[in-house]
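What follows is a short report on a single structure.
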Amino acid sequence: MRTVDIIQKKRDGGELSAAEIRFLIDGYVKGDIPDYQVSAWAMAVFFQGMSPRETAELTMAMAESGDMIDLSPIHGVKVDKHSTGGVGDSVTLALAPMVAAAGVPVAKMSGRGLGHTGGTIDKLESIPGFRVELSRDDFIRQVNEIGLAVIGQSGNITPADKKLYGLRDVTATVNSIPLIASSIMSKKLASGADAIVLDVKTGNGAFMKSLDDSIRLAQAMVDIGTELGRHTVAVISDMDQPLGSAIGNALEVKEAIHVLKGEGTPSLTDICLALGSHMLVLGGKAESPAEGERLLRESIANGTALAKFEQFIKAQGGAAAVAQDPQGTLPAAARIVPVEAGAAGYVTRIVAEEIGTAAMLLGAGRATKESQIDLAVGIILRKRVGERVEAGEAIAELHVNGTQPDELERVAQMVRSAYDIHSQPTEAPPLLYAVVTKDGVQRLEAKA
């Protein structure tokens, strides 16, 4: 078998066999196939696409290129959740204890943030003492004992994906739906999930800007899961404004705790309920999403979700007091700087990506993988789409440590520019657009 023949076959629109895909991926990981040939193949895929079978074969080849985590010693159906990335997205922090409190085990491996999107592991590390690394035995034992563990991804999970993504990033082949879908799903499969719920973001703060592209990506990932024997559901959700009102690591932990206390930002609470309801169905604890949502609401109302969060933090060495007293436990910025509206009117738009980038410039995120982050800093949005604002009123707060005055003014102006304020009111964008399963796409009624 020759690499050049595989490239030519895909270039001409042919469908690759499982053996050809394995040959390419295995050879690339071993170093036998050079970057320039894999770049040519990726460009061919970019233009010609891949069939559902090819995409599933690629996903499995990448998953099996490194460690495959065996979660079979964990009792029950292990349902994983993945978000394609957004701004103000602290969903895992609230959702995982809600689902665990309802009886479905959550054994999750999460990543760190890069660019304008945050990472769950960084957020958890803002809790004093929290350990993001556990041995496999301790990880499994903890899930069996309390139903929940969240750790950082292993260094040898999907090495093929790491190599291929780095190559795509510099060859203008990132925006290929088969390559995006296989990248995401390979990590879920390698992490040992029995079933998968996907939160596919759409809008200006998402990787996929249009709803049609977001649905196509969701369908591709559901097809992969179905092909490989994993029940998979995707929810398409809005990222035209930040999901929550907090952007920054400790700030987002605090907001997630508010959700668990029944005091959270409505959009953040609603997306947790939407995703969690499907997790309970796939985990066999609910007959329908409606029943799943009822169980999750009960876990908030009766305090079991917050108690599970506290138990989880304590089990991984963190300061369990954070559950009851986040203000006194989490790191706080040295000062808070208001960003004021220049004119009165109604907020009609908040550009999520600009808000995320502004938080990164304050030190809440990473411009590169090597960047150091400040766990205390970030942004709190005081006004959201659809709300009235007066001239001079604070639309946001900057939580700041050591940012130079000229850089601080630049960030404040970026936040101010991210807000569109007009004289006429507008409705907030829908939160949920569609649910994608192996049976097709269900478009949802607009839900603010």
Side-chain angles (χ1 to χ4, degrees), residues 85-90 93 112-128 130 205 241-258 264-265 268 319 322 325-343 347 349-385 387 389-421:
V87 179
D89 184 353
S90 55
L93 302 177
R112 298 188 180 278
L114 184 61
H116 75 279
T117 61
T120 297
I121 292 302
D122 298 318
K123 295 164 193 175
L124 287 169
E125 283 188 331
S126 70
I127 301 170
F130 190 92
Q241 68 171 327
L243 179 59
S245 294
I247 300 92
N249 299 285
L251 298 175
E252 291 188 43
V253 173
K254 191 182 303 183
E255 186 169 35
I257 292 169
H258 287 319
T265 303
L268 187 58
V322 70
D325 182 24
Q327 190 72 31
T329 307
L330 294 167
R335 59 196 176 112
I336 298 174
V337 179
V339 179
E340 298 172 347
V347 179
R349 185 170 181 251
I350 305 174
V351 183
E353 187 168 356
E354 288 293 295
I355 297 291
T357 300
M360 181 192 73
L361 293 174
L362 289 177
R366 296 179 179 83
T368 69
K369 289 183 179 179
E370 293 73 31
S371 299
Q372 295 296 311
I373 62 172
D374 185 334
L375 296 169
V377 303
I379 300 170
I380 297 289
L381 305 180
R382 291 300 177 196
K383 295 292 181 179
R384 297 181 66 81
V385 173
E387 295 182 354
V389 61
E390 302 301 329
E393 187 179 4
I395 53 176
E397 294 173 352
L398 309 182
H399 289 239
V400 180
N401 278 336
T403 304
Q404 295 301 310
D406 56 342
E407 183 69 2
L408 186 58
E409 179 52 37
R410 177 189 171 202
V411 171
Q413 185 54 44
M414 184 177 292
V415 171
R416 202 173 288 114
S417 298
Y419 273 79
D420 285 350
I421 298 174

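Scope of the values below: all heavy atoms of this structure, side chains included, with no hydrogens, waters or symmetry mates.
Here the CZ-CG distance, from R410 to L361, works out to 5.0 Å after rounding to the nearest 0.5 Å. Taken to the nearest 0.5 Å, the OG atom of S90 stands 7.0 Å off from the CG atom of L243. The structure places CD1 of I247 at 4.0 Å from CG of L381, a figure rounded to the nearest 0.5 Å. Atoms CD1 and CD, on I421 and E390 in that order, are 10.0 Å from each other to the nearest 0.5 Å.
For the pair I336/V400, no side-chain contact is recorded, criterion being any heavy-atom separation below 4.5 Å from C-beta on. Here the side chains of V351 and D420 are not in contact, with every heavy-atom distance at 4.5 Å or above.
A distance-only check finds no donor-acceptor pair linking the side chain of E407 to the backbone of Q404 [under 3.5 Å]. Y419 contributes no side-chain N or O that, together with a main-chain N or O of A396, makes up a donor-acceptor pair within less than 3.5 Å. In this structure a side-chain-to-backbone donor-acceptor pair under 3.5 Å is missing from E354 to S417. With R349 contributing its side chain and Q241 its backbone, the two residues share no donor-acceptor pair below 3.5 Å. In this structure, R384 contributes its side chain and V347 its backbone to no donor-acceptor pair below 3.5 Å.
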*Given side-chain contact (heavy atoms from CB on, under 4.5 Å), test I373 with L375 step by step and report yes or no.*
CA-CA 6 Å; I373 62 172; L375 296 169; 3.9 Å; yes
*Step-by-step side-chain contact (heavy atoms from CB on, under 4.5 Å) determination, V253 to L124*: CA-CA 7 Å; V253 173; L124 287 169; 5.8 Å; no
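In terms of heavy-atom proximity, V87 sits nearest to A352 at CG2-O, 3.4 Å. Residues K383 and I350 approach most closely at O-CD1, 3.5 Å, considering heavy atoms. Closest heavy-atom contact between G342 and A391: O-CB, 4.3 Å. The shortest heavy-atom contact between A319 and T329 is CB-CG2, 3.7 Å. The minimum heavy-atom distance linking L362 with G378 is given by the pair CD1-O, 3.5 Å. Scanning all heavy atoms of the two residues, the minimum distance from A394 to P338 falls at CB-CB, 4.2 Å.
Here E125 pairs with R112 under the side-chain hydrogen bond (donor to acceptor under 3.5 Å, both in side chains) rule; sequence neighbours left out. Here Q327 pairs with K254 under the side-chain hydrogen bond (donor to acceptor under 3.5 Å, both in side chains) rule; sequence neighbours left out. In this structure, the side-chain contact (heavy atoms from CB on, under 4.5 Å) partners of N401, at least two apart in sequence or on a different chain, are A333, A334, D374, A376, V377. Every side-chain hydrogen bond (donor to acceptor under 3.5 Å, both in side chains) that R382 has, sequence neighbours left out, goes to E397. Take T265 and apply the side-chain hydrogen bond (donor to acceptor under 3.5 Å, both in side chains) test, not counting sequence neighbours, and it matches E255. Every side-chain contact (heavy atoms from CB on, under 4.5 Å) that A358 has, sequence neighbours left out, goes to I379, V411, M414, V415.
For the side chain to side chain contact (heavy atoms under 4.5 Å, CB included) with P242, the lone residue among L268, V385, I355, D89 that qualifies is I355.
The closest side-chain donor-acceptor pair between R416 and Q413 falls under 3.5 angstrom. Residues E353 and T357 bring no donor and acceptor atom of their side chains to less than 3.5 Å of each other.
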